[in-house]
Amino acid sequence: MKNIVLFASGSGTNVENILLYFKQNPIAKVVSVFCNNPNAKVIDRAIKYRVPVVVFSKEDFNNKIVLQQIKEYKPDLIVLAGFLLQFPTSIINKYPNQIINIHPALLPKYGGKGMYGMKVHTAVLENKEFETGITIHQVNEHYDEGNIIFQQSIKIVECLTPEAIAEKIHQLELQYFPRIIEKILKSKP
């Protein structure tokens, strides 16, 4: 059985969806949730499923304390699910091609530093895009520039607000993210 370590910063709806998906899955299990926000709702969601939670500071993240904590869980895959900090090179180098992220747009459009959540959906709307979607990609030392693993688009011509776009994107995330994680893990030796 493969080990998944999740990283999140916010409410954790994607995390909960992943936890539910892998709860009875023979391929993998979620062994921990790492969070940089001590007030995030994701912590309560992880506790509800009896998954260990590691809360850390930005300083711990950047000075290799978090790297040591990750090692204890022996991850086969590290999954960023609504995690907002840039990943340190020390962790990326220790786990090459083993860290993935989901982005709420079709990269390379609307990616990079500062492009997350409603900022992405607002930019998509302001640019009068006809479609948007999700991108699951590997994490490297640059925001949203890792190799693209999967994309799924959706038409948004009827969306009049960033919130309407966000709802459509969230449905795509819930539908595809756990399945792509499973597919990645099945392909690993």
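For the numbers below, each heavy atom of this structure counts, side chains included, while hydrogens, waters and symmetry mates do not.
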Exercise. Closest heavy-atom contact between Gly133 and Ile169?
Worked result: O-CD1, 3.3 Å
Problem set entry | Over all atoms of both residues, closest heavy-atom pair of Thr135 and Leu106 |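 Smallest interatomic distance, heavy atoms only, reads OG1-CA, 3.4 Å.
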Working to the nearest 0.5 Å, report the span between [atom1] of [X] and [atom2] of [Y].
X: Ile181; Y: Ile4; atom1: CD1; atom2: CD1; result: 6.0 Å
X: Ile102; Y: Ile180; atom1: CD1; atom2: CD1; result: 9.0 Å
X: Ile134; Y: Gln152; atom1: CD1; atom2: CD; result: 6.5 Å
X: Lys2; Y: Lys29; atom1: NZ; atom2: NZ; result: 12.5 Å
X: Ile136; Y: His103; atom1: CD1; atom2: NE2; result: 12.5 Å
X: Leu172; Y: Glu167; atom1: CG; atom2: CD; result: 10.5 Å

Solution key, residues 110-123 side-chain donor-acceptor pairs under 3.5 Å, sequence neighbours excluded:
from, atom 1, to, atom 2, distance (Å)
Tyr110, OH, Asn127, ND2, 3.2
Tyr110, OH, Glu129, OE2, 2.7
Thr122, OG1, Met118, O, 2.8

Applying the 4.5 Å side-chain criterion to the ILVMFWY set and letting contacts propagate, would [X] and [Y] be lumped into a single cluster?
X: Ile99; Y: Phe61; value: yes
X: Ile154; Y: Leu125; value: yes
X: Ile148; Y: Val139; value: no
X: Val124; Y: Tyr143; value: no
X: Ile100; Y: Tyr95; value: no

For this session: Return the set of residues passing side chain to side chain contact (heavy atoms under 4.5 Å, CB included) with Lys128 (not counting sequence neighbours), or none when no residue passes.
Result: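 Checked Lys128 against side chain to side chain contact (heavy atoms under 4.5 Å, CB included); zero matches.
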I'd like a table of donor-acceptor pairs (distance under 3.5 Å, sequence neighbours excluded) in which one partner is a side-chain atom from residues 17-25, with atom names and distances.
from, atom 1, to, atom 2, distance (Å)
Asn17, ND2, Leu174, O, 2.8
Tyr21, OH, Glu182, OE1, 2.5
Asn25, OD1, Ile27, N, 2.7
Asn25, ND2, Glu182, OE2, 3.1

Problem set entry | Ala105 backbone acceptor or donor facing Thr132 side chain under 3.5 Å | no
For this session: Say whether, by atom type as modelled, one donor and one acceptor occur between the side chain of Gln151 and the main chain of Leu107 under 3.5 angstrom.
Result: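 Judged by distance alone, yes, a pair lies under 3.5 Å.
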Problem set entry | Heavy atoms of other groups near Lys64 NZ, more than 12 under 6.0 Å |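 Open: at most 12 neighbouring heavy atoms sit under 6.0 Å from NZ of Lys64.
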Which atom pairs, donor and acceptor, lie under 3.5 Å between side-chain atoms of residues 67-92 and protein residues at least two apart or in another chain?
from, atom 1, to, atom 2, distance (Å)
Asp76, OD2, Asn3, N, 2.7
Gln86, NE2, Glu141, O, 2.5

For residues 32-40, which side-chain donor-acceptor pairs fall under 3.5 Å, sequence neighbours excluded?
from, atom 1, to, atom 2, distance (Å)
Asn36, OD1, Ser9, OG, 2.7
Asn37, OD1, Asn39, N, 2.9
Asn37, ND2, Ser9, O, 3.3

Pairs under 3.5 angstrom only: tabulate donor-acceptor contacts from the side chains of residues 41-53 to other protein residues two or more places apart or in another chain.
from, atom 1, to, atom 2, distance (Å)
Arg45, NE, Ser11, O, 2.5
Arg45, NH1, Glu16, OE1, 2.4
Lys48, NZ, Glu16, OE2, 2.8
Tyr49, OH, Glu16, OE2, 2.9

Problem set entry | Any Asn101 side-chain heavy atom under 4.5 Å of Asp144 side chain |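 Contact flag for Asn101/Asp144 side chains = yes.
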For this session: I would like to know whether His170 and Glu173 meet side chain to side chain donor-acceptor pair (under 3.5 Å); could you show each step before the answer?
Result: CA-CA 5 Å; His170 193 57; Glu173 291 171 342; 3.2 Å; yes
Exercise. What do the steps show when you test Glu158 against Lys168 for salt bridge (Lys or Arg N to Asp or Glu O under 4.0 Å), and what is the final call?
Worked result: CA-CA 11 Å; Glu158 77 284 358; Lys168 283 185 164 265; 2.8 Å; yes
